[in-house]
2 protein chains.
Amino acid sequence: MLDETLLALADPTRRAILSRLARGEARVTDVAKPFAISLNSVSKHIRMLERARLVRRRIEGREHFLALDPTPLDEAADWIAAQKTLWAWRLGELEKALTDG
Amino acid sequence: MLDETLLALADPTRRAILSRLARGEARVTDVAKPFAISLNSVSKHIRMLERARLVRRRIEGREHFLALDPTPLDEAADWIAAQKTLWAWRLGELEKALTDG
DNA sequence: AACATATTCATCCCTACGGGTGAATATTGA
DNA sequence: TCAATATTCACCCGTAGGGATGAATATGTT
């Protein structure tokens with residue numbers, strides 16, 4: 001799932017959609033309104049966010065309400081945090097080696 | 001830069017390359033060795049990692065030595081952490097509203 | 001109820017790009 | 001000269017991003 005999560009987050013439009021949804025549940029049209037791109041594109045972006053499990057959809061008649069699901073963010077944050085630790089350790093060793101030499 | 005960073009991280013091969021480089025500097029061939037894919041593909045992945053500023057290249061004769069640059073990870077980690085906070089706050093408000101109602 | 005209208009979202013088609021390969025091309029090392 | 005290192009090129013395949021069109025649902029009017 002990490003692939004889909006990071007791929008979904010790698011687009012500024014999708015990140016903006018997530019920021020919008022962080023202010024509260026919204027319909028597809030509401031989400032699309034601030035963007036200059038077509039509603040179709042927004043719909044596709046939302047589908048990618050759903051595939052990444054970052055967004056859930058609740059259908060009421062013709063209206064589709066979107067809400068955030070923060071769960072996948074944890075996995076992404078964990079991976080990045082782990083890498084930062086590893087890299088910092090490695091660079092620290094390198095620094096030490098340079099200092100000793 | 002956040003776009004390139006997250007896009008670069010969204011591929012398992014590139015994440016494996018980063019993990020390899022976390023163990024120390026390495027040449028392109030060394031990095032490519034464990035993978036079943038061709039050297040060309042690895043070269044392309046490395047270029048994407050360079051574009052994302054996650055990897056730096058030092059050329060010595062015919063050998064290209066690759067090393068990590070952890071800087072962009074901070075930006076990514078910060079964005080995710082900020083979103084987690086915002087989302088948690090929003091979901092907390094929702095919880096509160098449901099409890100009050 | 002029945003029909004027209006407006007709104008919402010999905011589907012079809014095209015273009016661009018990521019990911020993969022093999023072959024060709026410098027460039028350096030032995 | 002010959003082998004090793006890495007890039008570049010041309011290409012194929014799958015998919016994301018975009019506009020245009022169509023289907024489904026809700027709303028309003030007679």
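Proteins come first, then strands; the chains are lettered A, B, ... in the order of their sequence lines, and each starts at number 1.
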Pairwise 5' ranking along DNA chain D for A:Ser41 and A:Glu63, keeping only the more 5' one
A:Ser41
Please give, in whole Å, the distance from [N] [atom2] to [X] [atom1]?
X       : N      : atom1 : atom2 : result
A:Ile59 : C:dT8  : CD1   : P     : 15 Å
B:Glu60 : C:dT27 : CD    : P     : 18 Å
B:His64 : C:dT28 : NE2   : C1'   : 10 Å
B:Lys44 : C:dG22 : NZ    : P     : 13 Å
A:Arg51 : D:dT15 : CZ    : P     : 8 Å
B:Ile37 : C:dG22 : CD1   : C1'   : 15 Å

Tell me what [X] touches on the nucleic acid: a base, only sugar-phosphate, or nothing, going by heavy atoms under 4.0 Å.
X       : answer
A:Leu39 : base
A:Ser43 : sugar-phosphate
A:Arg47 : base

Tell me whether the guanidinium CZ or amine NZ of A:Arg58 lies under 6.0 angstrom from the six-membered ring centre of A:Phe65 and within 45° of its axis.
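Geometry flag: set, cation within 6.0 Å and 45°.
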If you go through the side-chain atoms of B:Arg62, does one of them form a donor-acceptor pair with the base of D:dA4 closer than 3.5 Å?
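Check passes, donor-acceptor contact within cut-off.
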Under 3.5 Å donor-acceptor pair, B:Asn40 side-chain atoms to C:dG22 base atoms
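When only heavy-atom distances are counted, B:Asn40 does reach the base of C:dG22 through a donor-acceptor pair under 3.5 Å.
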Give a yes/no answer on whether the side chain of A:Ser38 brings an N or O atom under 4.0 Å of OP1 or OP2 in D:dG19.
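For D:dG19, OP1/OP2 do have a side-chain N/O of A:Ser38 under 4.0 Å.
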